[in-house]
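Here the structure comes first, spelled out in structure tokens, and everything after it is commentary.
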2 protein chains.
Amino acid sequence: MSRFLSNATNRIDAKGRVSVPASFRSVLSERGIQELYCLQDFIFPAVSVGGPDLLDRYERQIASADPFSPEANRMSLLVHGGGVFMRLDAEGRLMVTDFIRDFTGISSEVTFVGRSDHFQLWQPQAFHEAQAAAREGRLGLRSL
Amino acid sequence: MSRFLSNATNRIDAKGRVSVPASFRSVLSERGIQELYCLQDFIFPAVSVGGPDLLDRYERQIASADPFSPEANRMSLLVHGGGVFMRLDAEGRLMVTDFIRDFTGISSEVTFVGRSDHFQLWQPQAFHEAQAAAREGRLGLRSL
DNA sequence: GCTTCTCCCATTGACGCCCATATGGTCCCA
DNA sequence: TGGGACCATATGGGCGTCAATGGGAGAAGC
């Protein structure tokens with residue numbers, strides 16, 4: 001298995017912490033990830049979380065683009081300027097910082113969304129809407 | 001090679017579990033499937049269930065696109081963010097989670113529907129309507 | 001000094017694992 | 001051919017374990 005899959009919604013406590021789902025934590029430990037790298041998604045109002053390899057992937061993507069293109073410029077601004085390192089506490093919780101709240105609209109609950117090699121933090125309602133929209137977009141295309 | 005065929009309706013017990021029909025279970029064990037991958041159908045209000053190979057098929061589809069494209073991002077949101085791995089208990093039952101209930105409308109009974117290489121979970125009434133509609137050559141979409 | 005973060009422990013509620021019972025079908029034998 | 005024993009499946013429920021959550025106290029920073 002060993003990939004981030006499925007979604008779960010957890011509550012933020014009075015101190016601003018939220019438990020990362022156990023299934024995600026086991027993937028993290030399997031992969032030996034201790035430092036989490038967080039950055040804003042390019043399309044959705046969500047924060048992506050993964051190991052340092054996540055940063056590597058984005059840097060390769062930027063490197064592969066024309067370095068003077070607006071696209072590469074914009075990506076670098078988000079990846080290098082917007083990225084944050086975080087750690088979990090002993091119980092597997094992370095602090096929901098203002099950086100996360102402002103970009104995602106998260107206030108009292110966090111939806112954790114698996115994305116195979118990383119996972120994301122969403123405001124629950126926004127996640128449901130985005131998923132519904134993505135499904136609509138596929139209607140009309142042939143399904144597998 | 002045996003396939004998932006026919007349909008059967010079973011009751012959900014007080015703890016939210018439901019028995020997978022024995023004929024489906026024997027197909028699962030023949031194929032050596034122990035971990036079940038579940039995903040919302042793209043067209044019908046039903047949840048598809050199959051082996052990890054089901055997920056592999058979708059991932060190949062995603063991999064064929066530019067990994068940073070909006071299209072791949074949306075697809076991953078559905079396949080990774082909406083998919084779940086599940087296991088059967090010792091008696092061959094699975095938990096009917098809110099994820100399944102919300103999408104299918106299932107409350108007290110589950111109709112298992114064979115689809116050759118996978119099977120689906122339906123709300124009984126919705127299944128009958130969709131099948132009747134299919135007989136008439138229509139697409140039996142209920143409003144979700 | 002006060003606030004903010006980290007480490008630690010307590011509670012509780014959900015889920016997995018186990019065993020018990022019911023129900024319906026099949027096979028064997030009279 | 002009808003009755004009964006046997007078996008497999010579906011279903012019900014107890015109980016232990018672990019994850020999610022809440023809160024206290026010490027450490028570090030402003």
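Basis for what follows: all heavy atoms, side chains included, without hydrogens, waters or symmetry-related copies. Chain naming here is simple, since letters A, B, ... match the order of the sequence lines and numbering starts at 1 in each.
Within 4.0 Å (heavy atoms only), B:R25 reaches sugar-phosphate atoms of the nucleic acid but no base atom. Looking at heavy-atom distances under 4.0 Å, A:V18 makes no contact with the nucleic acid at all.
In this structure, the CZ atom of A:R11 is 11 Å from the P atom of D:dG23, given to the nearest Å. Distance A:M95 CE to C:dT3 C1': 13 Å, rounded to the nearest Å. The nearest whole Å value for the distance from the CD1 atom in A:I12 to the C1' atom in C:dC5 is 16 Å. Distance B:F24 CZ to D:dA8 C1': 18 Å, rounded to the nearest Å. As a whole-Å value, the separation of A:N10 CG from C:dG13 P is 16 Å. As rounded to whole Å, 9 Å separates atom C1' of D:dG23 from atom CG of A:D13.
Annotation: B:W122 is in aromatic contact with B:F44 [ring centroid separation under 6.0 Å]. In summary, the aromatic rings of A:F42 and A:Y58 are positioned with their centroids under 6.0 Å apart.
The minimum heavy-atom distance between B:Q61 and B:M75, with the atom names listed, is CG-CE, 3.9 Å.
Here the rule is side-chain contact (heavy atoms from CB on, under 4.5 Å) with A:L36, and of A:L54, A:V84, A:L28, A:V20 only A:L28 fits it. If you run side-chain contact (heavy atoms from CB on, under 4.5 Å) between B:R17 and each of B:V96, B:D89, B:I12, only B:D89 comes through.
Between A:T111 and A:Q123 the shortest side-chain heavy-atom distance does not fall below 4.5 Å.
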Which is it for A:R25 and A:E91 under the salt bridge (charged side-chain N to carboxylate O under 4.0 Å, His left out) test, yes or no, and what are the steps along the way? CA-CA 10 Å; A:R25 294 206 305 264; A:E91 286 74 35; over 6 Å; no
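A salt bridge does not link A:D56 with A:R60: every distance from a Lys NZ or Arg NE/NH1/NH2 to an Asp or Glu carboxylate oxygen is 4.0 Å or more.
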Using a 4.0 Å heavy-atom cut-off, write out nucleotides 17-22 of chain C from 5' to 3' as B (base contacted by protein), S (sugar-phosphate only) or - (no contact). BBB---
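With sequence neighbours excluded, the residues satisfying ring pair (Phe, Tyr, Trp, His ring centres under 6.0 Å) with A:F4 are A:F24, A:F119.
Shown for residues 107-115 of chain A: no residue has heavy atoms falling under 4.0 angstrom of DNA chain D.
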